[in-house]
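First the structure, in the form of structure tokens, and then the observations on it.
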Amino acid sequence: MSFEVGSALSIGAILFTVIIVAAMLIWVERRLLGLWQERLGPNRVGPFGLLQVVADMIKIFTKEDWVPPFADKFSFILAPPIIMVVILLSFSVIPFAPGVGVIDSDIGVLFVLAMASLGAYSVMLGGLSSNNKYALLGSLRAAAQMVSYEVFMGISLLGVVALAGSFNLREIVLSQSDGWFIIPQFVGFVIFLIAGIAESHRLPFDIPEAEQEIVAGYHTEYSGMKFGMFFVGEYLGVVLVSSLMVVLFFGGWLGPAFLPPIVWFVLKASFFIAFFVLLRAAIPRPRYDQLMNYGWLFLLPLSLLNLVLTGAYILWQEGL
Amino acid sequence: MEVADTVLDVDPISANLVDELNLRFDEEIVGILAYCDGIPVLWLQRDGLKAVLHYLRSSASVHFEMLFDITAIDERARVNSLGQPTSDFTVTYHLMSFSSHCDIRLKVALSLNDLNIPSITDLWPNANWYERECWDMFGISFLGHPNLTRIMLPPTWQGHPLRKDHPARATEMEPYSLSQERQDHEQEALRFKPEQWGMTRESKNSEFMFLNLGPNHPSVHGVFRIALQLDGEILVDAVPDIGYHHRGAEKMAERQTWHTYIPYTDRIDYLGGVMNNLPYVMAVEKMAGIKVPERVKVIRVMLCEMFRIASHLLFYGTFAQDVGQLSPVFYMFVDRERVFNIIESICGARMHPGWFRIGGVAQDLPKGWDKAIRELLDFMPARLQDYDSMVMNNGILKRRTQGVGAYTTKDALDWGVTGAGLRATGFEYDLRKARPYSGYDNFEFEVPIAANGDSYDRCAVRVEEIRQSLRIIRQCVDNMPEGPYKASHAATTPPLKEKSKLDIETLINHFLSVSWGPVIAANEVTMTIEATKGLNSYYLVNDGNTGSYRTRIRTPSFAHLQMIPEISRGFMVPDLIAIIASIDFVMADVDR
């Protein structure tokens with residue numbers, strides 16, 4: 001059995017790694033937060049508390065799988081797997097390294113955006129079906145936030161697509177061999193970063209689940225493995241957005257030859273994952289309408305301007 | 001009314017005011033008294049109450065801006081009347097003048113078979129909750145009150161607990177049993193009916209959502225419930241519901257001796273620690289005529305300021321956290337831990353040391369007490385600087401809190417808001433400066449104020465207060481006087497023991513003092529301090545016994561919560577959270 005794009009081994013290895021990484025992120029995040037917040041974080045279970053994840057998993061798998069009697073049972077159960085599945089599917093187009101990936105799709109960027117749109121259903125259905133007022137507020141916020149930020153997320157990527165001349169993520173990486181897109185597309189990167197945080201509803205944009213305001217938002221009524229899927233889904237989202245940033249703006253696996261390409265990819269992605277955690281530690285949460293205004297009144301014009309200028313630049317280049 | 005034969009022992013301003021009132025309201029005033037705290041006490045005819053209050057609020061030579069407190073006393077078990085008119089229940093109004101730095105107490109005698117009095121909610125809006133509390137605790141009806149319902153106790157409660165004939169302990173009552181019928185009755189009483197909260201179910205354009213924020217909610221800092229009437233996420237109305245933390249602290253005081261009540265006071269504002277002891281012990285000392293040594297005063301000030309810092313740090317951290325900033329609270333808890341380590345090294349306990357004593361403090365300062373304090377004083381300024389750049393200068397936090405929940409100085413005074421909430425409106429009033437107690441006049445410090453009275457400013461004022469408290473503590477450390485840590489007085493509890501081993505009289509005195517506690521001659525006193533959250537006052541009615549006849553604890557948080565609907569209408573749910581966070585309340589302080 002060969003290890004190439006699309007092989008069963010490759011698919012299995014990627015699926016396994018991605019889920020393990022997402023689960024381990026729970027520990028990484030708590031330790032990093034501990035480090036930045038003058039405390040320790042989980043350090044009791046196993047060396048450096050590494051087995052905390054195992055303990056958490058045992059707990060979450062053995063917890064009573066409770067469906068509230070007042071909830072709409074079908075969509076209540078349907079909601080959590082959606083987020084897991086769509087994000088895992090998104091990973092299928094990510095080129096981790098030469099020869100490492102699930103599919104080599106010519107519509108990779110579009111596929112990721114489509115999957116991200118589907119992810120909004122998970123949060124909306126979860127909140128609505130819970131039949132809980134806090135969950136309802138959470139899913140209302142989630143619907144507004146995720147739907148709007150998808151717009152800017154998509155537009156912010158178009159600059160990269162235009163420069164690379166392809167929707168294929170692997171080709172986008174290869175076209176960065178002369179220089180990472182972060183330099184010509186810095187504005188696009190910033191917009192993508194902000195939209196990415198909003199899409200994965202992480203603090204400071206965890207408005208759909210803002211603990212201080214609406215308890216736990218859309219997943220207030222969830223427990224056990226259903227909650228676990230939302231939880232791991234969130235970390236999968238972080239890994240996905242970090243991977244996308246690496247692929248689109250930071251040259252993917254490209255790097256000096258003293259390290260293998262996959263290591264470069266992992267290093268770069270880890271940097272952004274840690275950055276996500278740092279954001280959580282550092283920044284307060286804007287109000288939901290402030291986030292909306294910021295998106296529509298600032299990010300949308302900016303991303304359009306970015307696209308126009310990129311297009312003009314390309315035309316000017318071709319004209320020469 | 002003839003002016004009392006004895007000259008009133010009050011300050012000149014109050015004396016002039018009393019003369020003025022006596023001339024004008026000859027009919028309405030039935031008696032004028034003054035006790036050891038020098039506050040004139042006017043006994044009024046029930047029918048004349050509102051006229052006198054109206055005059056005092058608007059046109060008297062001394063302008064009383066704030067209705068500080070309304071409470072009642074069940075006089076039926078009194079032995080020493082102290083020359084007051086006969087009364088079964090007395091309703092007491094405490095007014096406070098911020099411009100003339102004086103107080104006045106108005107009392108109305110009521111008889112058991114005619115327990116009603118006009119409501120004054122039209123004069124002072126904050127009378128609302130105080131009158132409800134009097135109804136709840138004593139069963140006194142306030143005629144014309146818009147919503148005279150129970151406030152502390154559940155709606156199904158039988159009886160009025162602060163009446164002398166209401167049992168104080170479970171052992172005085174039938175064993176509790178919950179029959180199915182009773183359970184159904186209790187649960188039905190909990191059903192939320194918007195109409196009872198003064199809310200409509202729908203408007204012309206939309207159907208409202210009612211959201212029950214609390215009693216358990218991550219941001220209500222304890223057990224506090226707010227019923228929200230929402231149009232989308234916009235607050236149409238927010239009605240606070242308190243009483244979930246009520247422990248009957250005032251009732252307990254009637255069973256405890258002067259000395260044994262001290263630890264209970266710690267738990268009123270449970271973040272204020274020994275600062276709660278201060279107004280209580282000072283009130284008792286005033287009645288007993290104890291003058292405490294200078295060293296005691298400075299030790300007390302130092303510990304109080306320590307607790308002010310600890311309380312403000314907790315406020316600061318949770319304020320940032322409620323706006324969604326997760327890290328500051330951890331840093332501030334680390335700092336608070338340093339403060340508590342010092343408090344523990346001096347008092348032996350951290351949050352509730354109960355360390356002040358009538359006539360002094362429990363022990364002298366330990367050897368080398370100042371070392372850790374100096375380290376803290378050197379350490380904190382840089383940290384506070386960090387917090388400024390992390391929290392106060394953060395753009396998102398500013399956008400979340402500036403202009404949110406703002407009120408003017410007049411609103412604040414009308415609603416009984418004191419402390420940082422009042423100073424944030426630009427009104428420079430700190431009791432430590434205005435009417436210094438416990439030797440605060442010997443310290444150099446400033447009273448920080450802000451301008452807009454919004455959530456951000458309330459936080460900014462407290463942040464600056466931390467710096468001023470550090471300044472006061474440094475002065476305490478540098479200038480700690482030598483001397484005894486307890487007054488040499490018969491009522492000091494427990495008395496200094498050295499001499500008790502020398503003669504039998506002091507031994508007997510010591511024995512009685514630690515077993516029964518001192519008997520203090522009948523009197524009445526109010527003692528107010530600038531506590532962590534605003535003005536905290538103890539009003540003790542003493543019938544000449546080993547304990548208090550009636551203890552009234554006026555807490556700042558109670559008044560502040562009452563204002564929530566006023567300042568949060570039209571904002572969104574996240575703004576309400578910012579407003580709640582900026583008020584800095586403790587439910588134990590509200591419910592007592």
Side-chain angles (χ1 to χ4, degrees), chain A residues 29-30 32-41 127-128 131-145 194 197 201-217 220 276-294 297-298, chain B residues 192 208-214 216-221 227-228 230 232-234 317-338 383 386 389-404 571-578 580-581:
Chain A
E29 169 158 57
R30 290 177 65 188
L32 280 178
L33 282 179
L35 184 73
W36 285 321
Q37 294 176 338
E38 263 190 296
R39 56 196 180 88
L40 293 169
L128 287 172
N131 202 8
N132 169 309
K133 289 173 183 173
Y134 287 113
L136 176 67
L137 285 179
S139 63
L140 284 177
R141 289 171 172 202
Q145 175 177 328
I194 294 171
I197 303 165
H201 39 88
R202 292 266 311 172
L203 228 149
F205 299 154
D206 66 337
I207 290 170
E209 47 189 304
E211 186 193 345
Q212 287 80 13
E213 295 154 23
I214 50 173
V215 188
T220 304
F276 266 88
V277 178
L278 181 61
L279 276 183
R280 174 172 169 177
I283 301 178
R285 177 190 308 120
R287 209 172 52 205
Y288 140 82
D289 59 324
Q290 289 170 344
L291 185 69
M292 288 295 117
N293 287 344
Y294 182 68
L297 300 180
F298 180 71
Chain B
F192 181 77
F208 298 124
M209 175 161 107
F210 298 98
L211 185 67
N212 192 23
L213 197 89
N216 282 312
H217 184 278
S219 313
V220 293
H221 304 253
L228 304 182
L230 294 175
E233 276 213 43
I234 309 283
T318 50
F319 177 75
Q321 196 189 28
D322 285 351
V323 188
Q325 200 172 20
L326 292 190
S327 294
V329 70
F330 291 102
Y331 306 132
M332 289 157 191
F333 263 67
V334 170
D335 293 350
R336 189 165 166 260
E337 206 58 26
R338 288 170 197 270
R383 293 282 278 199
D386 284 350
S389 47
M390 193 188 313
V391 182
M392 299 312 286
N393 297 336
N394 185 300
I396 297 179
L397 184 125
K398 280 185 181 171
R399 252 165 266 146
R400 282 291 309 277
T401 54
Q402 282 177 344
V404 171
F571 285 105
M572 297 175 77
V573 176
D575 296 323
L576 176 72
I577 304 301
I580 292 176

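Small disclaimer: the values here were computed from a predicted structure and weren't measured. Letters A, B, ... are given to chains in the order of the sequence lines, protein chains preceding strands, and every chain is numbered from 1.
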Using heavy-atom distances under 4.5 Å, tell me whether [X] contacts chain B through its side chain, its backbone, both, or neither.
{"X": "A:R141", "value": "side chain"}
{"X": "A:R287", "value": "both"}
{"X": "A:L140", "value": "neither"}

Pick from B:L213, B:L397, B:V573 with the largest number of heavy-atom pairs that fall under 4.5 Å of chain A:
B:L213
Largest heavy-atom contact set with chain A, pairs under 4.5 Å, which of B:L230, B:I577, B:V329
B:I577
Could you tell me if the side chain of A:Q290 sits less than 4.5 Å from the side chain of B:R400, heavy atoms only?
yes
Contact summary for [X] and [Y], nearest pair of heavy atoms:
{"X": "B:E233", "Y": "A:L137", "value": "CG-CD2, 3.7 Å"}
{"X": "A:A282", "Y": "B:S327", "value": "N-OG, 4.5 Å"}
{"X": "B:N394", "Y": "A:P284", "value": "ND2-CD, 3.2 Å"}
{"X": "A:Q37", "Y": "B:Y331", "value": "CA-CE2, 3.8 Å"}
{"X": "A:Y134", "Y": "B:L211", "value": "CE2-CD2, 3.8 Å"}

Residue part contacting chain A, namely of B:F333, when any heavy atom lies under 4.5 Å
neither
Which atoms of B:I580 are under 4.5 Å from chain A, going by heavy atoms: the side chain, the backbone, both sets, or neither?
neither
Worked check of side chain to side chain contact (heavy atoms under 4.5 Å, CB included) between B:L326 and A:R280:
CA-CA 7 Å; B:L326 292 190; A:R280 174 172 169 177; 3.6 Å; yes
How long is the span from the CG atom in B:N212 to the NZ atom in A:K133, to the nearest 0.5 Å?
7.5 Å
For the CD atom of B:Q325 and the CD1 atom of A:I283, what is their distance to the nearest 0.5 Å?
8.5 Å
I'd like to know if B:R338 and A:E38 make a salt bridge, using a cut-off of under 4.0 Å between side-chain N and carboxylate O.
no
